[in-house]
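Every chain is numbered from 1 and lettered A, B, ... according to where its sequence line falls, protein lines coming before strand lines. Keep in mind that this is a model prediction, so the values were computed, not measured.
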Amino acid sequence: MFEPVATQPNLIPSEHDVLKFWQQNGTFDTLREKNKNGPVWSFLDGPITANNPMGVHHAWGRTYKDCFQRYHAMMGHRQRYQNGFDCQGLWVEVEVEKELGFNTKKDIEQYGVGEFVEKCKERVRKYSAIQTQQSIRLGYWMDWGNSYYTMSDENNYTIWAFLKKCHDRGLVYKGADVMPWCPRCGTGISQHEMHEAYREITDPSVVLKMPLRRGTNEFLLVWTTTPWTLAANVACAVHPKLLYSKVEQKGETYYLGRNCVSQLQGEFKFVEDLPGSELVGLEYDGPFDELPAEAEARNRHVVIGWKQVSEDEGTGIVHIAPGCGKEDFDLSHEHDLPAPAPLNESGVYIEGYGVLTGKFAGDVTDAVLHSLKEKGLFYTAGPYVHSYPHCWRCRTPLLFRYVHEWYIDMSWREEIKEVARQVRWIPEWGLERELEWLDNMRDWMISKKRYWGLALPIFECECGWFDVIGSKEELRERAAAGWEEFEGHSPHRPHVDAVRIKCEKCGREVSRVSDVGNPWLDAGIVTYSTVKYNTDREYWSKWIPADLVTECFPGQFRNWFYAMLAMSTMMENIPPFKTLLGHALVRDENGQPMHKSAGNAIWFEDAAEKMGVDVMRWVFCRHNPVNNLNFGYKAGKEGERKVFNTLWNVFAFLANYARLDGFDPTEEQVPAAERQDIDRWLLSDLQLLIKRAHAEFGNYQVHGFVEQAENFIDGLSNWYVRRSRRRFWRTKDKADRDKLAAYQTLYTSLITFCKLIAPVCPFVTERIYQNLGRGAAPEAPESIHLCEYPRPDDSLIDQTLSKHMDSVTEVASAALRLRSARQVRVRQPLSEIIVASADSEVRAGVQRFKAQLLDELNVKSMTIKETLDDVLSYSVRPDMSRLGPRLGKDASKVAAALSEMDPAEVASGVKQPGGLTVLAGGEEHRLGADDVAVERVWPEHLAGAEEAAFSIALNTELTQNLITEGMARDVVRHVQQLRKDAELEMNDRIRLRFDTNDERLASAVTTWAGYIKEETLAVALDRGSVDQPQRVATVEGAEIRLSLRRAGS
RNA sequence: GGGCCAGUAGCUCAGUUGGUUAGAGCGCACGCCUGAUAAGCGUGAGGGCGGCAGUUCGAAUCUGCCCUGGCCCA
């Protein structure tokens, strides 16, 4: 019935076997069929970017997703199992550009937008297929034929519906702003995408002179790290309340922040300090006033006050170029200043900038400095290290550009906040984080001047009119031209661009704006688009809000979580999900961020085939998700040893013995009341573990359960099995109810344990189940994952028993420690142990498991008492350094008197409230606990230890009998090793032969021959010359030569 | 400048509603045990819980301020 089990689990090859097994049997389909009428549990998958193979960090989130789905499946819940792929957006474009060797948008235009978009789709298909295969390898059970793609028509049109709703409320607008711009990608970078954009770089820092127009030789010293923006200077800003110094140097007068005078080169003469407010309003000459483009600004150069100015860096006087900086731009509104915009979308100067025209902004530092020097405006320059934003996809340093983009006015953020509050955030501070973002975010920039993405359904007329189309049907109805060209294509560029509608104001035919959409629109709509919102509203309302969403949280508060919340608020004003479980980042073994470039990134496939996915999943589930996870093979190895080897060994032990014994798990159960205490202890612990599992899975805190599971398997192996082994070894006997109870207890515990952890490690548990569960009962479900999740049986829980067992293990480990300290090996039997405790529960526990303890500790007898006082003696030594100064010459008399007294009385006396009264030299002296040093003295023959809850004393006196028995046990041990070396079966009988020159040893063997034979399954034990010993061992200093052969052979 | 999270042995982390002598794993050394275990167990060295000040009979746990690191926002 049970298959024999190898001693090594061989995890990785077996995982492939299990995958095959599931596939061949259609196990996942069976599961869905089984649960099809069950109560709904709704998980909603966050789309993975289908742009690269998976790294181990993807596996973390996916392990959670699978794990919770598997738990709920075993609870009988109906689920959707839909995986998602994120398809559209700049990240795909950038990779395709790399593949094709493109550098600019021009390359794409020349190649053809249609072809380029096809390439993007192709890349998505390729990597979604790879990720699918990898996920299957992880054991991630999903409806893989039915994954959603954010590039689908359904998804795109549902976003149109969302935008239409926004437009109906008047929230869509075209705005003008200065924003971060990637000159390589030729697109603005929205606030959402500025996450992790800042990187340290070295830029030129320049201090230049701006001549004041009011007098001669007076200059503002102005600082900038972006020399290219100087050609668009409009104003200078000072902090009105900061102090500025007026200084003279080489016949010129300079103004700069008082705390910035260290910027001055060489000697200078201090003239006076004045507040910034006195500089405000002064007019000056700009550094590039000769340029035609500065014509308007030329007449407006003025010093303005701005409280953001700091004197921590630079000169305390800031150059303002409203067309080149966000804050500058805002200031220009405040002060009604012009905003010349010098760059085109590639970051190149437009006409009107003299020698700069046609040059890339990042390349003009030398030209700018040269020009300043020529004009006598240069003061100093040097390298400056600061953190500067970069394009999050191509790493190009961003520029700031004045542009027109489409926005959603987010003035309705309070509505979103209200929805966010209805979600349960794990960890709880996720809500605060989200609310903070919602408070601080600006309007949502939804346009991008790119090619591969959502086609914004905005049609804009020259006359200023625009409208938003809400569906494919609406587009068809309103199409004035180009519908035929578009029909049959997905709503992507370039085909959708062919459609024109009529301007409702001036009647002209107008096209769609050429922009594509922000990719977070794509992912944010999935709670609608993928759940049949448009086609089956009843179905949709059954599954949304989803019960669970789980993702890695850094970044997602402003991206996916935000987009889902905002879009769901607009669509139906409901939370899109009920619980959000966030987890931190995967780091390398040393806590460093994993980077492809640093070479410390681990690809999923490598990890899967090197550590195995069960182990990987265990590592993920064991970790507290709020902390970053340091992932590496070392941690995997540890988990493997600690958990999987232990589990496997218990399994192998049970299966192999059960096979020999013909144990039948379907036999009638021995009632719990008739089983041994240790059995009932294990079953009680098992119920507690089941309870814990339900609590933690239900609460999405799987790591708490996994930690407890580790403790359980440890107790199962290293206490229950170790303590119960002999019950399994007894000869086959149908009437042996105790043996049956042991089998049943171990069998139930192991198989229940496997079911409990099956969602975490679905492979190894499946193998164990196939042997133990299915092998024993062919009518059982064909997979462990088709079983019901175990339910706790409260009647089996016995808290007192647990407490008793705790006392027992503590006493055992204290006694073993004593043996170790005294160098008395455990195989050497000892005559007596005394356990003393004032706690009656401890005494009860020790009494209850007396036999177990004696066996475990190899001691003949045990005495249990309340205190060890009667076996201990005390030694008392007066502390003369205290008594001397206090008692003077009486001190020595007190000491003498003390030595006459009973040390035990002294010991207890000094602890009394009044102290101990000692009569010496005719006077009474009171001694307190500090006056004497009391030591407990253990009698020579006792080794003692005092613990918090109990004391123990071990009699280490050895009689000849004990020594002889110890020798016999040593011999047994050597024979067992010999059996193992000879690769005998566990139930093979042997004929044993030994030889020794030591008569003590020889007589020990003879005296204990019965015992030795019984322990080693020897049918014969003879002394005789052993010419070719299979083992030569030393016992108590004497040599013994051993040989054996299988009986009957 | 504001907010969130974290700061416990060499490293990685546990420490429930404040309660006696703060735990575990890894690593190192030594020892023990082994008819399931190329496994396991024990011991030792090593920290007084970022700092200071409070509350309390009692604080790693609560309060305040500060320091360091990470993240977010400005």
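A salt bridge is defined here as a Lys NZ or Arg NE, NH1 or NH2 lying under 4.0 Å from an Asp or Glu carboxylate O, and A:K417 with A:D439 meets this definition. A:D736 and A:R727 are not joined by a salt bridge, as no carboxylate oxygen comes within less than 4.0 angstrom of a charged side-chain nitrogen. Ion pairing between A:E1015 and A:R726 holds under the 4.0 Å rule for side-chain N and carboxylate O. A salt bridge links A:R622 with A:E710: at least one charged nitrogen is closer than 4.0 Å to a carboxylate oxygen.
A:E327 places its CD atom 9 Å from the C1' atom of B:A74, with the value rounded to the nearest Å. Rounding to whole angstrom units, CZ of residue A:R1046 and P of B:G35 are separated by 18 Å. Between the P atom of B:C33 and the CH2 atom of A:W719 lies a distance of 16 Å, rounded to the nearest Å. Put simply, CG on A:D855 is 13 Å from C1' on B:C33, counting in whole angstrom units. To the nearest angstrom, P of B:U12 lies 12 Å from NE2 of A:H623. The interatomic distance linking A:Q708 (CD) with B:U16 (P) rounds to 15 Å, in whole Å. For the pair A:L438 CG and B:C4 P, the computed distance is 17 Å after rounding to whole Å. Atoms CD (A:E436) and P (B:G3) sit 10 Å apart, rounded to a whole Å.
Summary of the strand contacts: A:N440 and A:N628 both lie near RNA chain B, and taking for each the nucleotide with the nearest heavy atom, the more 5' one is attributed to A:N628. Heavy-atom distances to RNA chain B give each of A:D970 and A:N630 a nearest nucleotide, and the one nearer the 5′ end belongs to A:N630.
Between A:F753 and A:F712, the ring planes lie parallel to each other; the angle is under 30°, not in the 30° to 60° tilted range.
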Review point. Going through the checks in order, is the side-chain contact (heavy atoms from CB on, under 4.5 Å) test met by A:V423 and A:L431?
Key: CA-CA 8 Å; A:V423 171; A:L431 174 62; over 6 Å; no
**Study point:** Audit row: A:W729, A:Y657, side-chain hydrogen bond (donor to acceptor under 3.5 Å, both in side chains) steps and yes/no
**Key:** CA-CA 8 Å; A:W729 296 343; A:Y657 276 102; 3.2 Å; yes
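When the P atom is compared between B:C71 and B:A45, the two are found 39 Å apart, to the nearest whole Å. If you take atom C1' in B:C4 and the same atom in B:U43, they sit 44 Å apart, rounded to whole Å.
Contacts of A:V826 with the nucleic acid, taken as non-hydrogen atoms under 4.0 Å apart, involve only primed sugar atoms and P, OP1 or OP2. Nucleic acid contact for A:R973: base, since at least one base atom lies under 4.0 Å from a heavy atom of the residue. Using a 4.0 Å heavy-atom distance criterion, A:Q977 is classed as making no nucleic acid contact. Nucleic acid contact for A:F557: none, since no nucleic acid atom lies under 4.0 Å from a heavy atom of the residue. In this structure, A:R979 reaches the bases: a heavy-atom distance under 4.0 Å links it to at least one base atom across the strands shown. Residue A:W729 is classed as a base contact, given a heavy-atom separation below 4.0 Å to a base. Nucleic acid contact class of A:E434 (heavy atoms, under 4.0 Å, all strands): none. Base engagement by A:L1017 is indicated by at least one non-hydrogen atom pair under 4.0 Å involving a base atom.
Proximity of A:Q976 to the phosphate of B:U34: no side-chain N or O atom is located under 4.0 Å from OP1 or OP2. A sub-4.0 Å separation between OP1 or OP2 of B:C13 and a side-chain N or O of A:N624 is absent. Considering only side-chain N and O atoms, A:R725 lies under 4.0 angstrom from the phosphate OP1 or OP2 of B:A36. Proximity of A:K980 to the phosphate of B:U37: a side-chain N or O atom is located under 4.0 Å from OP1 or OP2. Dashed line: the shortest gap from a side-chain N or O of A:R827 to OP1 or OP2 of B:C33 is under 4.0 Å.
When Watson-Crick and G-U wobble pairs are counted only if both distances are under 3.5 Å, B:A36 pairs with no nucleotide at all. Across all strands shown, B:C62 is found opposite B:G54 as a Watson-Crick or G-U wobble partner, with both distances under 3.5 Å. Here B:C71 sits opposite B:G3 as a Watson-Crick or G-U wobble pair (both hydrogen-bonding atom distances under 3.5 Å). Remark: B:A14 base-pairs with no nucleotide in the shown strands. Criterion, Watson-Crick or G-U wobble with two distances under 3.5 Å. In this structure, B:C28 forms a base pair with B:G44, meeting either the Watson-Crick or the G-U wobble geometry with both donor-acceptor distances under 3.5 Å.
Defined by atom type and a distance below 3.5 Å, a donor-acceptor pair is present between the side-chain atoms of A:D679 and A:Y720. Under the 3.5 Å distance criterion, with hydrogens and angles disregarded, no donor-acceptor pair is assigned to the side chains of A:R993 and A:S1043. Side chains of A:R825 and A:N858: no donor on one and acceptor on the other come within 3.5 Å.
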Exercise for review: Could you run through nucleotides 39-44 of chain B and give me one letter per nucleotide, 5' to 3': B if any protein heavy atom sits under 4.0 Å from the base, S if only the sugar-phosphate is that close, - if neither?
Suggested key: -SSSS-
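In this structure, B:G48 is classed as syn because its glycosidic torsion stays within 90° of zero.
Each of B:A14, B:C71, B:A36 was ranked by its minimum atom distance to the side chain of A:E707; first place goes to B:A14. Residue A:F653 has its side chain nearest to B:A36 when only B:A74, B:A36, B:A14 are considered.
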